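As structure tokens, the structure follows; a few thoughts come after it.
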There are 2 protein chains.
Amino acid sequence: MSEEEKHPLFEKPLTPSDVGKLNRLVIPKQHAEKWFPSPVLGGYGGPVAGDRGLLLAFEDEAGLTWRFRYSYWNSSQSYVLTKGWSRYVKEKKLDAGDIVCFLRHRENVGRLFIGCKRAAAASRSSATAAGHPYLGISSLHPSDCSSHAAGK
Amino acid sequence: MSEEEKHPLFEKPLTPSDVGKLNRLVIPKQHAEKWFPSPVLGGYGGPVAGDRGLLLAFEDEAGLTWRFRYSYWNSSQSYVLTKGWSRYVKEKKLDAGDIVCFLRHRENVGRLFIGCKRAAAASRSSATAAGHPYLGISSLHPSDCSSHAAGK
DNA sequence: TATTTCACCTGCGAT
DNA sequence: AATCGCAGGTGAAAT
């Protein structure tokens, strides 16, 4: 997958809650409604619809697939990634202020990608050593990823 | 609604937690089990049952309806009013030590009423000017009440 | 039992 | 002034 085939959709700087014990990532409404399939109405074929919300799959910079439950919370009128999100935070060692990036394939708009960047220059030394601003995957083991295939 | 048709059930002096950020009122168990429909088993027709707990409606001294979610919390073995309660506290300007009163209709026992009184004589001057110990409703607008109907 | 997931709820800042 | 998005919470259920 060349970088040219990935089209950036949006980025979100992570809040303390996004990386904390709430185990969820709030997707800003304007981006959710513009770029993601509706978790209420159901998706565009690709995602697997469950009883509630959707199961969305994202490929990371290493080509590994991360699956997250994507739901709409009526009470707070918010779109959120829930199941699977905390695993991603832990694996990528994300902290508040870091930025998560969402992208899609240039031709196949149903193929989604996820990436992340450190917030400040101070903590970039190890990431930039890999040649680009995205975090490395040296700590990611195959077993971590295969377990993500589990559905609901 | 004449006062004679309202039958007092019980009163509770409000604790700091009852009027604080926990946004809930603990209903003493003996009163809850004696006077309110069980939020676990479901109500007696009048209240609208939700997925969890009940939605109880209470009329205040002005005839305005306040709806609260009424639940049983297994963790603390307590009966509580949750959703809607903080709005009532704010609107009636309740403080710790103030007293909330619950009443029901003399014939229609499913028709509930709520009222409140100041704890001490010092702050009663404006309320007694209205002719009774209940707080006035001069600051309560109709819109405040109709919005309480929301909730699934 | 501990942790994660889930569907709720609310204060507050931005608008 | 009133509305809306969302950050930061909850209890309960699932795992």
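Being a predicted model, the structure only gives us computed values, none of them experimental. All values below come from the heavy atoms of this structure, side chains included, with hydrogens, waters and symmetry mates left out. In the text below, chain A, chain B and the rest are named by the order of the sequence lines, each starting its count at 1.
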Whether A:D98 side chain and A:A96 backbone form a donor-acceptor pair below 3.5 Å: no

Check whether A:K29 reaches the backbone of A:Q77 with its side chain - one donor and one acceptor, N or O, closer than 3.5 Å. yes

Please determine, for the side chain of [X], which listed nucleotide ([options]) has the closest atom?
X	options	answer
B:R69	D:dA7, C:dT4, C:dC8	C:dC8
A:W73	D:dC6, C:dG11, D:dG9	D:dG9
A:P16	D:dA7, D:dA12, D:dG8	D:dG8
A:N23	C:dT4, D:dA7, C:dC6	C:dT4
A:Q30	D:dG8, C:dT10, D:dC6	D:dC6
B:K83	C:dT4, C:dC9, D:dA7	C:dC9

To the nearest Å, how far apart are [X] [atom1] and [N] [atom2]?
X	N	atom1	atom2	result
A:L81	C:dC6	CG	P	11 Å
A:D18	D:dG8	CG	P	8 Å
B:N74	D:dG11	CG	C1'	9 Å
B:Y70	C:dC9	OH	P	17 Å
A:H31	D:dG5	NE2	P	14 Å
A:Y88	C:dT5	OH	P	16 Å
A:Q77	C:dC9	CD	P	12 Å
B:L22	C:dG11	CG	P	11 Å

Lys/Arg N to Asp/Glu carboxylate O, A:E4 vs A:R106, below 4.0 Å: no

Between B:K92 and B:E61 (salt bridge meaning N to carboxylate O under 4.0 Å), is one present in this structure? yes

Phosphate oxygens OP1/OP2 of [N]: is one of them under 4.0 Å from a side-chain N or O of [X]?
X	N	value
A:S76	C:dC9	no
A:K12	D:dA7	yes
A:K90	C:dT4	yes
A:S86	C:dT5	yes
A:S17	D:dG8	yes

Want to settle it: does A:P28 or B:S75 sit nearer the 5' end of DNA chain D, counting the closest nucleotide to each? A:P28

Calculate, to the nearest 0.5 Å, the distance between atoms CG and CZ belonging to B:L94 and B:R118 respectively. 6.5 Å

Give the ring-plane orientation class for A:F36 versus A:Y70, where under 30° counts as parallel, over 60° as perpendicular and anything between as tilted. perpendicular

State whether the distance check finds a donor on one side and an acceptor on the other, under 3.5 Å, for side chain A:R24 versus base D:dG8. yes

Taking any heavy-atom pair under 4.0 Å as a contact, classify B:Y72: base, sugar-phosphate, or nothing. sugar-phosphate

